There are 2 protein chains.
Amino acid sequence: MSVRAEQKQKTRRALMDAALTQLSPEKGFASLSLREVAREAGIAPTSFYRHFNELDELGLALVDEAGVTLRQLMRQARKRIEKGGSAVGTSIETFMEYLSSNPNHFRLLLRERTGISKAFRTAIKAELDHFATELAEDLKRAGDLKDRPLDDPQMVADAMVAIIFNQGSEALDSSPKEKATLKERLKIELKYILRGAEIITIENRAKNKAD
Amino acid sequence: MSVRAEQKQKTRRALMDAALTQLSPEKGFASLSLREVAREAGIAPTSFYRHFNELDELGLALVDEAGVTLRQLMRQARKRIEKGGSAVGTSIETFMEYLSSNPNHFRLLLRERTGISKAFRTAIKAELDHFATELAEDLKRAGDLKDRPLDDPQMVADAMVAIIFNQGSEALDSSPKEKATLKERLKIELKYILRGAEIITIENRAKNKAD
DNA sequence: TGTACATCAGTGAACGCGCGTTCACTGATGTAC
DNA sequence: TGTACATCAGTGAACGCGCGTTCACTGATGTAC
């Protein structure tokens, strides 16, 4: 890459980091201003336009980044499970690590999922659907392997993602102690769903035989 | 009430309705301006201060209102169930009716739950906790009655509320046809949780006996 | 290698805009006698 | 019932502010020969 292209890349990165850094419980992406972000990144407001057409374009780049990280994470969790960890426990552990190391990426997903901008909502929904679909495949594989197939792996995964995100939002701004409690709760709630979906398969089979 | 007090009450109502009306998929409470709301309500911007100290105070009044409506709704659902409706089915039906008739109240809860203002988050969390706790009591009562007690009714209720709200947000801006599909999905996902929590009670009992 | 020209990331001045908030006011409603 | 005064919801002018965006520019980097 040429010197010029490298420098441009660096500034782009600085802009994205500036936006990300400014997120907090009291400040959402929607309440950032272009001038604020440029200031934080150390460039003139007008220079912003050399990199993005508008602030939302930067936001969407961040959503994309959050998605990439999330997928890396899943691959990681899968490896740990293959090496013999408990599926639910390991997944929760991995997810909580993601939360701690990328709180603002998660904050962005969490908030803009129900936010003002259609583009954000669509992009985030796509990331979450992708996440849920991969999870569904994992669940199906695991269920078949243990000979305890799930009633509808996709629905199980959807329900799990809803609960994971809900608890994630509570975990974001809580103390380590509270986090431990939340992990326990999350584990139990996910088990309800899993066991329920296993049992319903069995019940439906019995019903079909009876017919 | 004196004429003056009545008129004041009316204007206050007009302000709250103005704010509520302006909410939409593209506009959240956080992106309303005091001037906009006053304009919509037909008063001068300065008159706003005769009713609220700031825009957020109006928003919190709306959250409170949403909570009241939500509780009325639960009482209604409980009555219908006592008259012999299916518990899960009736609850979902009632909730979806709430969504359709108070979309903007729900939008407010949904968005500001993860929003910028601590006061909003706290107020909404209190409403949802209250909702979940009442639900937990209902679930416990129903489970004991059928002699299929739930492992931990409060957790079951928490998980259910997370899923209900998640699906509610999808249902908000979807067609009647999509709504029907969502209702089915919601029903199944809630059943997973319920059945799971029932089974785990049984399994734990067996385990305790074995010890 | 040296020269002449092209590209383009970053700039500072300037713009018009809607915002929240203050202030001193008006005039209808309410109250005391 | 009538009168004199108090209350207070609603007002219009004015303020300073930060915003997004435009524009013509600068000067370092890149390219062609």
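Just so we're on the same page: letters track the sequence lines, and every chain starts at 1. These numbers were taken from a predicted model, which means no experiment stands behind them.
When side chains are defined from C-beta on, A:Arg50 does not count as touching A:Ile43, because their heavy atoms never get closer than 4.5 Å. Between A:Ile163 and A:Met160 the shortest side-chain heavy-atom distance does not fall below 4.5 Å. Two residues are said to be in side-chain contact when any heavy atoms from C-beta on lie closer than 4.5 Å; A:Asp158 and B:Glu189 meet this criterion.
Per the geometry, NZ belonging to A:Lys8 stands 8 Å off P belonging to C:dG10, to the nearest Å. What separates CD of A:Gln9 from P of D:dT29 is a distance of 18 Å, to the nearest Å. To the nearest angstrom, C1' of D:dC8 lies 16 Å from CD of B:Glu6.
Looking at B:Glu137 and B:Thr133, their side chains never bring a donor and an acceptor atom within 3.5 Å of each other. No side-chain donor from either of A:Thr69 and A:Glu65 sits under 3.5 Å from a side-chain acceptor of the other.
Taking only side-chain atoms of A:Arg4, from C-beta outward, the nucleotide of D:dA9, C:dT7, C:dG10 with the closest atom is C:dT7.
A residue-by-residue look at A:Ile43 and B:Met1 shows that A:Ile43 has its nearest nucleotide of DNA chain C further toward the 5' end.
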Q: Walk me through it: do B:Asp152 and A:Tyr192 pass the test side chain to side chain contact (heavy atoms under 4.5 Å, CB included)?
A: CA-CA 10 Å; B:Asp152 185 329; A:Tyr192 289 162; 3.3 Å; yes

Q: Would you give a per-nucleotide map of nucleotides 13-26 of chain D, 5' to 3', where B means the base has a protein non-hydrogen atom under 4.0 Å away, S means only the sugar-phosphate does, and - means neither?
A: BB----BBBBB---

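Between A:Ala157 and A:Ala132, the shortest heavy-atom contact is CB-O, 3.2 Å.
A salt bridge links B:Arg195 with B:Glu198: at least one charged nitrogen is closer than 4.0 Å to a carboxylate oxygen.
Between B:Ser47 and D:dT11, a side-chain N or O to OP1/OP2 separation shorter than 4.0 Å is present.
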Q) What would the secondary structure line of DNA chain C be in dot-bracket form, counting Watson-Crick and G-U wobble pairs under 3.5 Å, with [ ] for pairs that cross earlier ones and | for pairs with another strand? A) .||||||||||||||||||||||||||||||||

